[in-house]
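What follows is a single structure, written as structure tokens, with notes after it.
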There are 2 protein chains.
Amino acid sequence: MSHDSFPYTHRYLKGRGREQLSTRECGLIEDLVQDVERYTAPHTILERGHILDRSTLLIEGFVARVIREEGKRHIVALHVPGDFVDLHAFALKRLDHDVVSIGPVQIGHVTHDRLEALMECEPHLARVLWYSTLLDAAIHREWILKLEQLSADGRLAHLIAELWHRLDFVGWADPSGFAFPLTQAELADACGTTPIHLNRVVRKLREQGIADISRGRVTVLDRAALRELGRFDPDYLYGNGVLEIRE
Amino acid sequence: MSHDSFPYTHRYLKGRGREQLSTRECGLIEDLVQDVERYTAPHTILERGHILDRSTLLIEGFVARVIREEGKRHIVALHVPGDFVDLHAFALKRLDHDVVSIGPVQIGHVTHDRLEALMECEPHLARVLWYSTLLDAAIHREWILKLEQLSADGRLAHLIAELWHRLDFVGWADPSGFAFPLTQAELADACGTTPIHLNRVVRKLREQGIADISRGRVTVLDRAALRELGRFDPDYLYGNGVLEIRE
DNA sequence: CCTGAAAACTAACATAGGTTAGCCCGACCG
DNA sequence: CGGTCGGGCTAACCTATGTTAGTTTTCAGG
């Protein structure tokens, strides 16, 4: 499945649903994107504390927001194609975390100068950009909930369900699952557990016929059980994705 | 310690630091606030899913953002005086969580109509409001980190250190601690643990001479040990509070 | 001053998950 | 074609935390 013919913003998740971008507005964002880069090896795209004068749009692949501490690495957010990864740096100026690529990625850059100019004459677009950072915050809250509420198996199930949903918004999911290059160690970093325990959980999901995670792909075998285990309710994504309609 | 003579926005944390509000801009927000209400008994101020046409400024006391599920209650965020509690509802229109009062509180309301009008002619102020929601997201990320990284004692230490810091920004902390009406059960809801285990942790902090939490007050006994235990580094608050200068 | 309810606190036991140690397998490489 | 390295996987053991079932303290209201 290749999306190379799509312009970048066709995958721009966050304007969907409640706040729809017009074709003209999509084009305006499209025009902002410069300096498209590709990375195949793991790469630290942005570093904590650096002062930034541009923001990053994820065009293809996955990136993680990570915080390293005493040799350990913690993933505090994951992004799918179409996400503005660090739009918050537009107002905060520096990041409180690193941004690293996972698997092969393609990213575009938008300078803050050009963004600022655009936002001044496009108030609706400015609102949608704000909206997009608020959606990040809503996803953060759901992660907090899942970490407070669920044990490791539920956390993993929730993560899979969320990503399946978000990828579906932007056309990168299929009815049986999705391509997913995270290692078990990285999944553990995102679920707040250890690789050893995460492996136990992966095996359990497989044995119970809920989902299979292997060879760079997630295959969902029992969607209802996955949702139940992860207590997943997509309300917090404020979207209207295709999967919802499909079922 | 009474702050009754201060106007509300003197406690408006989020404009501090990088993005300073002018006196005139403070006055503009001040003028927006209407319908000041007080609650002494526990009260659900806002309910999940409701469509909102106004946002809420916390003037005095504490409120929590909570998600209830199968009889359990999870706190995904806490607010201190000066915080806009649900500014995100301005763009998202509905909330993905409830907002409840903890202890006696005083809140003000700002209608979205008036906010919208103000933001159109005050782009800098609009930027500061955006900034304030981004700070919420940064705090969310830190909570995710703390939940992934720390065990229950560290989580509690982190929570105390963060709140001490945020309260200091707005003049509600003192050098030995702060007034704090959360019950142990509520602290447990915010730390992702059970009341029983939280009680063990409270006792441990007391026995080790780190902090004492009792009778509606937190007394910090060993600030360095508290920070160490909670791996607390206030960078993510993007502030320049007084405590930093004091030491 | 008494009373009832909420909060704080404790003990005893069960288990999820962390830790340490290591094996196995396929991919890439010289 | 053998070596090595990262990722997947497993076992044994131990601790932090959850669970169940209470007792004690605090404090507001009568």
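Chain letters run A, B, ... following the sequence lines, proteins first, then strands; residues in each count from 1. Every value quoted in this text rests on a predicted model; they were computed, and no experiment measured them.
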Aromatic plane relationship, [Y] with [X] - under 30° parallel, 30 to 60° tilted, over 60° perpendicular:
X: H43(B); Y: Y39(B); answer: parallel
X: H88(A); Y: H97(A); answer: parallel
X: F232(B); Y: H158(B); answer: perpendicular

Salt bridge or not for [X] and [Y], using N-O below 4.0 Å?
X: R206(B); Y: D212(B); answer: yes
X: D174(A); Y: R217(A); answer: yes
X: K146(A); Y: E162(A); answer: no

Nucleotide [N], atom [atom2] - distance to [atom1] of [X] in whole Å:
X: R217(B); N: dT26(D); atom1: CZ; atom2: P; answer: 18 Å
X: E186(B); N: dA6(C); atom1: CD; atom2: P; answer: 14 Å
X: L182(B); N: dA7(C); atom1: CG; atom2: P; answer: 12 Å
X: L187(A); N: dC9(D); atom1: CG; atom2: P; answer: 12 Å
X: K204(A); N: dT15(C); atom1: NZ; atom2: P; answer: 14 Å
X: E148(B); N: dG18(C); atom1: CD; atom2: C1'; answer: 16 Å

Task: side-chain contact (heavy atoms from CB on, under 4.5 Å) involving P42(A) - partner list, sequence neighbours excluded - done: none

Open item on the list: I'd like to check the side-chain contact (heavy atoms from CB on, under 4.5 Å) partners of S151(A); sequence neighbours left out, ordered by chain and number.
Closed with: D153(A)

TODO: Taking all heavy atoms of H140(B) and all of I144(A), pick out the closest pair and write down the distance.
DONE: O-CD1, 3.7 Å

Open item on the list: Do R48(A) and Y236(B) form a cation-pi contact, if we require the NZ or CZ to be under 6.0 Å from the six-membered ring centre and within 45 degrees of the ring's axis?
Closed with: no

Open item on the list: With a 4.0 Å limit, can you tell me whether R206(B) has a side-chain N or O closer than that to the phosphate oxygens OP1/OP2 of dC9(C)?
Closed with: yes

- [ ] Could you tell me, to 10°, how much the axis swings from one end of the helix from dC1(C)-dG30(D) to dG30(C)-dC1(D) to the other, five pairs per end?
- [x] 40°

Open item on the list: For D233(B), give me all partners under salt bridge (charged side-chain N to carboxylate O under 4.0 Å, His left out), at least two apart in sequence or on another chain.
Closed with: none

Open item on the list: One character per nucleotide, please: for nucleotides 10-21 of chain D, 5' to 3', B when the base has a protein heavy atom closer than 4.0 Å, S when only the sugar-phosphate does, - otherwise.
Closed with: BBB---SBBBB-

Sort me out a list of protein N/O and nucleotides 23-30 of chain C N/O pairs below 3.5 Å, or just none if empty.
none

